[in-house]
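This report concerns only the one structure given below.
We name chains A, B, ... by the order of the sequence lines, and we start the count at 1 in each one. Everything numeric here is computed off the predicted structure, so don't read it as measured data.
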4 protein chains.
Amino acid sequence: MKETIMDKSIELFAEKGFKETSIQDIMDELHVTKGTFYYYFKSKEELLKDIHLQYIERLLENQKKIISDPSKTCQEKLFAIIYKLIQDIEKEGQRAKVFIREINHLSDQYLDIVLPKRDQFRENVQLLIEEGIKNGEFRTDLPPDIVSFGILGIANWSYFWFKPTGKVSDKRVAEIFYEMLIHGIQQNN
Amino acid sequence: MKETIMDKSIELFAEKGFKETSIQDIMDELHVTKGTFYYYFKSKEELLKDIHLQYIERLLENQKKIISDPSKTCQEKLFAIIYKLIQDIEKEGQRAKVFIREINHLSDQYLDIVLPKRDQFRENVQLLIEEGIKNGEFRTDLPPDIVSFGILGIANWSYFWFKPTGKVSDKRVAEIFYEMLIHGIQQNN
Amino acid sequence: MKETIMDKSIELFAEKGFKETSIQDIMDELHVTKGTFYYYFKSKEELLKDIHLQYIERLLENQKKIISDPSKTCQEKLFAIIYKLIQDIEKEGQRAKVFIREINHLSDQYLDIVLPKRDQFRENVQLLIEEGIKNGEFRTDLPPDIVSFGILGIANWSYFWFKPTGKVSDKRVAEIFYEMLIHGIQQNN
Amino acid sequence: MKETIMDKSIELFAEKGFKETSIQDIMDELHVTKGTFYYYFKSKEELLKDIHLQYIERLLENQKKIISDPSKTCQEKLFAIIYKLIQDIEKEGQRAKVFIREINHLSDQYLDIVLPKRDQFRENVQLLIEEGIKNGEFRTDLPPDIVSFGILGIANWSYFWFKPTGKVSDKRVAEIFYEMLIHGIQQNN
DNA sequence: AATGAATGAGTTTTCATTCAT
DNA sequence: CATGAATGAAAACTCATTCAT
């Protein structure tokens, strides 16, 4: 039931927004009464925290798997991360939407738990860049932290416009972004 | 007065969020009564629409100025657009925050007015890329629409992390992102 | 309107209790909507605080008038205070009931305002006793603080049993208590 | 278990109030589930009734022991009753608090059981006074019913202010009140 | 005896909006 | 232009109670 409530709330939060979705709305769709919600969650905000935590933890896990693969170069790992992020929109689009859009409805108490994990995801990308710089895969004249923000910007922003139903596949988008990032958009003669 | 209300509401919307800010909150800070609000605005949502419209129109104007400058190459124009966007965070950070974050509180009726202008901003970037491809400045093997989304992702995402008070200036960030985009992050031997 | 709400709420709090009376109950009887309540009061608890404060301040005022009368002996003043307290049940019985019974529904924040005034009322009785001891009216071998608690106990407890409609008048009850206190209940031969 | 629930609920009712304490609160502290409560009690109100009944019955028993002691004078018996009441605060303070403060949360159905016993306790004091009047121990010019209310007022009110941890012992307080009642507070020359 | 899930009616509170003055 | 009062619909949350297991 707890899982059911989370799933349905993600669906509604993604569609209408956190503030616009009432507990009533969620429970109505599940054909159970409002009181039931509070048997499983302490508050609406706790539910949102759980959604965030579950999502970022899965994200970190995936990232870890990719990064710790010794058979891949840094460039390949970078592609894998970007691909995974965009691929997620298809399968976990709603979760991602909520994760990116509704973070500001968490109060400090919960942010203290969620934000460090979010930061770590970005930091791991930075570490990957740094490693790539050391081993000669990446340019030495670009600051890895800013670059990591740029890369995540490209990928995360997809949630605002990418439609899985469109004519361009998630893999193709990832490839284009990867190409753009690796070789730049300038024409080389 | 209308301008005063808009300014104060932007301030509060940016800080606390649209839903979290009541008309009362806004008017309290202006030391006028709630009723006054409805003399100047039909509804809270109309206020939000006005904020969005004002912002995107100024953005489009700036963009137009940059693009229509015949003395600049496409690459220079691209840099100018990125720089302008990031520079805005410093001067218009609150407006930008509201613009990016609170779009989903506009109902269809208002989205019909705002969204086309938003799209046009992105489309203009795409047109710039296309022009650059034609004149040999940009690579021909990358689809301009996806690239334009990527570029805006890099720039817009800054609103989530860029602190004007930090040790890296807006100009420097813009330069790094520009470099990254133009030449790519790969080390070339 | 604020006064009307207070009056009606005192009536209902006295009859049914603070917790048992909902804002709805109060406003229903006044034929206005619930929202109106929050135009006049910040919360239900603030209303209770206002009731307490209004009551204890009137009590202190009356007490001051009695005590500062130079034409009365301490014994006469003591009688006046007791009489006033019991007399109040007839006219202000509901207020008194709420004042005595519902104090524990005020949170610390409000208790800090109300309790010092309550204490002062008791302390003033103690000061009166002390003065009477000095001028030879009262026995020197009884501690004035405990005595003051005893006196207030006798008077305040009336709220639990005294019925203004009964066959004994408020004045008669005050006289009996006064006699009992002054000369004791022992038969002297 | 039933006894355990009663004990813990008295503790919590005394501390936070009847309405403010939920069944959940009580059972949480006992590390059992809410459902268990309804195996032992029909309702929350029945629990409160049981607490009241248990308390007043013990009180009546004690009173009976004191009153039926043929070796004591009425004055001695009166002292014993007052002492016992105040002494109770130390040992049974929480029970007493609930007994005095939460009576109004009992509905008529239960009041019919509890109130007669409460009244009887007071009436027994009245009977003691009447006996003392007959045998010449007490004044004949004071109505025994009102006097009994006064005596109980003095004693019961202690629950609102008497702190067992204070510097004055329960016995000393009882003695002072007894003296005050017997001989009065007036200075006799 | 005890549990765990669910209910439903109620509670306080918020707030966009209206409107006579 | 601006105010102050009122509305009404909805929100989050609480909790005594029930009941199958």
Under 4.0 angstrom between Tyr38(D) side-chain N/O and dA2(E) OP1 or OP2: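 The answer is no; no side-chain N or O of Tyr38(D) sits under 4.0 Å from OP1 or OP2.
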Any Tyr39(C) side-chain nitrogen or oxygen under 4.0 Å from OP1 or OP2 of dA6(F):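 Checking Tyr39(C) against dA6(F): no side-chain N or O falls below 4.0 Å of OP1 or OP2.
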Other residues, nucleotides, ligands: >12 heavy atoms within 6.0 Å of Lys44(B) NZ: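 Yes, the 6.0 Å shell around NZ holds more than 12 heavy atoms from other groups.
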Interatomic distance, Leu53(D) atom CG to Leu48(D) atom CG [nearest 0.5 angstrom]: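 So the CG of Leu53(D) and the CG of Leu48(D) are separated by 11.0 Å.
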Nearest-0.5 Å distance that lies between atom CZ in Phe160(A) and atom CG in Asn104(B): 8.5 Å
Arg118(D) to Phe99(D), cation-pi by 6.0 Å centre distance and 45° axis angle: yes
Test item: side-chain donor near acceptor, Glu20(B) and His105(A), under 3.5 Å: yes
Interface residues of residues 43-50 of chain B with DNA chain E (non-hydrogen, below 4.0 angstrom): Ser43(B), Lys44(B)
Residues Glu61(B), Arg58(B): salt bridge by 4.0 Å N-O rule: no
Identified side chain to side chain contact (heavy atoms under 4.5 Å, CB included) partner of Lys2(A) from the options Asp50(A), Asp7(A), Leu47(A):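 Only one option passes, and that is Asp50(A).
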side-chain contact (heavy atoms from CB on, under 4.5 Å) assessment of Tyr55(D) paired with Val98(D): CA-CA 10 Å; Tyr55(D) 185 76; Val98(D) 174; over 6 Å; no
Sugar-phosphate only, base, or nothing, as touched by Phe41(B) at under 4.0 Å among non-hydrogen atoms: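 Since no nucleic acid heavy atom lies under 4.0 Å of Phe41(B), the category is nothing.
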Strand-adjacent residues in residues 26-37 of chain B, judged by heavy atoms under 4.0 Å from DNA chain F: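 Heavy-atom contacts with DNA chain F come from Val32(B), Thr33(B), Lys34(B), Gly35(B), Thr36(B).
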Secondary-structure stems, DNA chain E, at least 3 Watson-Crick or G-U base pairs under 3.5 Å: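 Output for stems: E:2-21 with F:2-21.
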